[in-house]
Amino acid sequence: MRRLTVDEVWRALSHTSFAVLSHGTPDGEPRSSGVVYVMSGGRMYVAVAKDSWKARHIAARGSVAVTVPIRRGGVMSLLVPIPPATVSFAATAVVHPGTILAGLPGLGRLLPPERRADCSVVEITPAGHFVTYGVGVPLLRMRDQEASRARLPIPGKAGQP
């Protein structure tokens, strides 16, 4: 049986734009929310309101967890409920001023113009391992948990080969 590669995971992350970003408050309370992102140079970038709890909490702690659902099934998913494949990972996170949007045109396109002046950008660097379910696995094989799961070390300093 063919095994999933790290390159396939990077490709899957680059072909979608929605993730669930989880972080903790400075008091250790868990939080998560849906975000829109772009990938660039082995990092994920997310725009958030500069005065948001998300920006403050992530800046204070510097670590996050990310889960990216990857839609499966094409037209068939309209007729039959098909769960998405997923990629999850832990990461370090740095909050930057929104001025770096100029260097991230893909993220700028996803952000409404009226929000650009009032945002911060979270730079997320995957660390440790990618944990996947259903990525690179034929749809019918997703019922086999052993065949559907993978845990792949994230190589390189920035996480991208």
Side-chain angles (χ1 to χ4, degrees), residues 4-25 30-79 81-137 139 150 152 154-161:
L4 182 65
T5 68
V6 172
D7 287 339
E8 289 173 297
V9 174
W10 284 116
R11 205 169 12 266
L13 291 173
S14 296
H15 285 104
T16 190
S17 61
F18 176 80
V20 177
L21 179 64
S22 300
H23 58 89
T25 68
R31 297 285 183 265
S32 65
S33 57
V35 295
V36 176
Y37 73 88
V38 295
M39 297 295 295
S40 179
R43 290 176 173 82
M44 178 180 277
Y45 293 90
V46 174
V48 299
K50 67 181 172 185
D51 62 348
S52 68
W53 283 17
K54 211 177 317 186
R56 290 192 307 269
H57 294 169
I58 291 171
R61 294 185 63 101
S63 62
V64 297
V66 177
T67 298
V68 178
I70 300 167
R71 189 168 176 248
R72 300 282 313 248
V75 175
M76 195 167 129
S77 68
L78 299 172
L79 305 171
I82 297 172
T86 59
V87 176
S88 298
F89 56 90
T92 58
V94 178
V95 179
H96 299 283
T99 54
I100 74 162
L101 274 175
L104 300 166
L107 185 57
R109 280 192 301 273
L110 296 174
L111 192 64
E114 62 274 10
R115 288 196 44 220
R116 293 181 189 158
D118 243 3
C119 77
S120 293
V121 175
V122 181
E123 176 184 358
I124 299 167
T125 305
H129 290 82
F130 287 127
V131 178
T132 69
Y133 189 84
V135 178
V137 176
L139 202 52
L152 302 157
I154 300 169
K157 185 174 181 183
Q160 183 173 342

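Nothing here was measured: the structure is a model prediction, and the numbers come from that model.
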Where the side chain of [X] meets the backbone of [Y], is there a donor-acceptor pair that is under 3.5 Å apart?
| X | Y | result |
| --- | --- | --- |
| R31 | K54 | no |
| R116 | L111 | yes |
| R72 | G134 | yes |

Rounded to the nearest 0.5 Å, how far does [atom2] of [Y] lie from [atom1] of [X]?
| X | Y | atom1 | atom2 | result |
| --- | --- | --- | --- | --- |
| T125 | F89 | OG1 | CZ | 9.5 Å |
| L107 | I100 | CG | CD1 | 8.0 Å |
| L101 | C119 | CG | SG | 4.5 Å |
| L4 | L152 | CG | CG | 5.0 Å |

(message) Run the side-chain hydrogen bond (donor to acceptor under 3.5 Å, both in side chains) test against R56 and tell me which residues pass, sequence neighbours left out.
(response)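 If we apply the side-chain hydrogen bond (donor to acceptor under 3.5 Å, both in side chains) test to R56, skipping adjacent residues, there are no hits.
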(message) Taking the side chain as everything from C-beta on, heavy atoms only, tell me whether Y37 gets closer than 4.5 Å to V68.
(response)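 The answer is yes; the side chains approach within 4.5 Å.
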(message) Between V48 and S120, is there a side-chain heavy-atom distance shorter than 4.5 Å?
(response)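 Yes. Closest side-chain heavy atoms under 4.5 Å.
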Closest non-hydrogen atom pair, [X] against [Y]:
| X | Y | result |
| --- | --- | --- |
| V135 | A12 | CG1-CB, 4.3 Å |
| H57 | T25 | CE1-CG2, 3.4 Å |
| V64 | A93 | CG1-CB, 3.9 Å |
| A102 | P105 | O-CD, 4.3 Å |
| P126 | W10 | CG-CH2, 3.9 Å |

Would you be so kind as to tabulate the donor-acceptor pairs closer than 3.5 Å made by side chains of residues 15-23, with sequence neighbours excluded?
| residue | atom | partner | partner atom | Å |
| --- | --- | --- | --- | --- |
| H15 | ND1 | R11 | O | 2.7 |

(request) Would you mind listing every side-chain hydrogen bond (donor to acceptor under 3.5 Å, both in side chains) that reaches into residues 83-109, with sequence neighbours excluded? (result)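 Sorted pair list: T67-S88, H96-E123.
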(message) Consider side-chain contact (heavy atoms from CB on, under 4.5 Å). Of V66, V122, I124, V46, which one does V35 pass it with?
(response)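 The option that passes is V46.
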